[in-house]
Amino acid sequence: MLSATENPDSPTARRAGRPDFKFVFPFDMPSSPEALAVRIIKNLSHFCLFYSLLLWAGLTISLVPIRRTSLHILLSMTVVTNSFLILLKLMPQPMFLHRAMDKAAVLLTLGIVTVVALILTGAAMHMFLTCAIGASVVSVHAAFWKDELRLGSNGGNVDEASVGDFAIALIDGIRSRDIGV
């Protein structure tokens with residue numbers, strides 16, 4: 001309830017029922033080269049799907065006006081790849097898919113077939129330019145994006161003492177994932 005001396009149109013009276021709004025800028029310079037490397041690795045692993053979708057959308061947009069055949073090949077290979085991934089999600093334990101085909105090998109084969117098909121249809125320049133521009137945008141984003149919720153409890157700032165421990169844990173996690181532990 002407002003007191004008799006307080007104006008109901010004052011900023012404090014209007015803000016009393018609402019939480020304070022805090023503007024957060026998610027980009028920041030890393031404090032050291034080690035912190036930069038850790039931030040790039042973390043952001044690449046966290047935003048991998050979004051980065052690949054950005055590159056795919058850029059390639060699709062660059063192929064639309066000129067290279068219709070290449071666009072159809074890219075879209076059909078995307079459908080084949082997504083169908084394979086959906087099939088793996090729907091049937092996680094079939095003996096045929098996991099014993100005869102490795103997921104990484106199938107995805108690598110589909111990627112190589114797509115790249116070769118785009119090169120053979122004359123879209124190599126589009127593909128390489130899209131990859132070069134996309135890789136530069138992705139690397140800048142991965143280097144400067146800081147996420148306060150993921151980078152630590154101290155407001156997104158990674159101190160030098162925790163960088164070495166995190167890098168060791170990250171490398172151990174990658175090794176254990178690669179050997180299947």
Side-chain angles (χ1 to χ4, degrees), residues 22-63 74-75 77-94 97-118 126-181:
K22 180 181 174 187
F23 179 74
V24 178
F25 188 69
F27 294 98
D28 188 23
M29 290 289 293
S31 59
S32 66
E34 292 84 12
L36 174 69
V38 167
R39 186 181 289 179
I40 288 174
I41 291 170
K42 285 177 80 172
N43 285 337
L44 284 177
S45 66
H46 182 58
F47 293 116
C48 180
L49 176 66
F50 300 110
Y51 292 153
S52 61
L53 285 174
L54 176 76
L55 292 174
W56 181 86
L59 182 59
T60 303
I61 290 170
S62 72
L63 292 176
L74 178 67
L75 293 178
M77 291 305 291
T78 303
V79 168
V80 170
T81 304
N82 288 334
S83 299
F84 174 72
L85 292 174
I86 289 171
L87 182 66
L88 284 181
K89 265 300 192 205
L90 290 176
M91 298 185 303
Q93 294 298 331
L97 287 177
H98 287 283
R99 302 241 191 271
M101 293 184 279
D102 183 34
K103 178 181 173 182
V106 171
L107 292 177
L108 181 67
T109 303
L110 288 172
I112 290 172
V113 167
T114 304
V115 168
V116 168
L118 289 176
H126 294 280
M127 183 178 59
F128 293 135
L129 283 176
T130 300
C131 288
I133 292 169
S136 62
V137 169
V138 163
S139 62
V140 167
H141 183 271
F144 294 117
W145 176 267
K146 69 169 185 156
D147 189 356
E148 293 177 1
L149 297 176
R150 288 188 303 111
L151 287 181
S153 59
N154 58 355
N157 297 324
V158 178
D159 55 340
E160 276 81 12
S162 66
V163 167
D165 296 336
F166 177 76
I168 291 171
L170 188 65
I171 291 170
D172 288 341
I174 291 171
R175 285 183 188 153
S176 65
R177 184 187 68 202
D178 288 342
I179 61 174
V181 174

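Side chains are part of it too, since the values below use all heavy atoms of this structure and drop only hydrogens, waters and symmetry mates.
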Distance check, rounded to the nearest 0.5 Å: [X] atom [atom1] versus [Y] atom [atom2]?
X: H46; Y: R39; atom1: NE2; atom2: CZ; answer: 13.5 Å
X: F47; Y: K42; atom1: CZ; atom2: NZ; answer: 11.0 Å
X: I61; Y: T130; atom1: CD1; atom2: OG1; answer: 9.5 Å
X: H126; Y: L59; atom1: NE2; atom2: CG; answer: 9.0 Å
X: W56; Y: T81; atom1: CH2; atom2: OG1; answer: 11.0 Å
X: L87; Y: N82; atom1: CG; atom2: CG; answer: 12.5 Å

For P30 versus L36, what's the shortest heavy-atom pair and its separation? CG-CD1, 3.5 Å
Taking C-beta and beyond as the side chain, do L85 and L107 meet within less than 4.5 Å on heavy atoms?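 Touching, per the 4.5 Å side-chain cut-off.
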Report yes if some heavy atom in the side chain of T60 is under 4.5 Å from a heavy atom in the side chain of T78; otherwise report no. no
Under the side chain to side chain contact (heavy atoms under 4.5 Å, CB included) criterion, do F144 and V140 qualify, and how do the steps go? CA-CA 6 Å; F144 294 117; V140 167; 3.8 Å; yes
Apply side chain to side chain contact (heavy atoms under 4.5 Å, CB included) to residues N43 and H141 and explain how you reach the verdict. CA-CA 8 Å; N43 285 337; H141 183 271; 5.6 Å; no
Is there a side chain to side chain contact (heavy atoms under 4.5 Å, CB included) between L44 and Y51 once you walk through the steps? CA-CA 8 Å; L44 284 177; Y51 292 153; 3.7 Å; yes
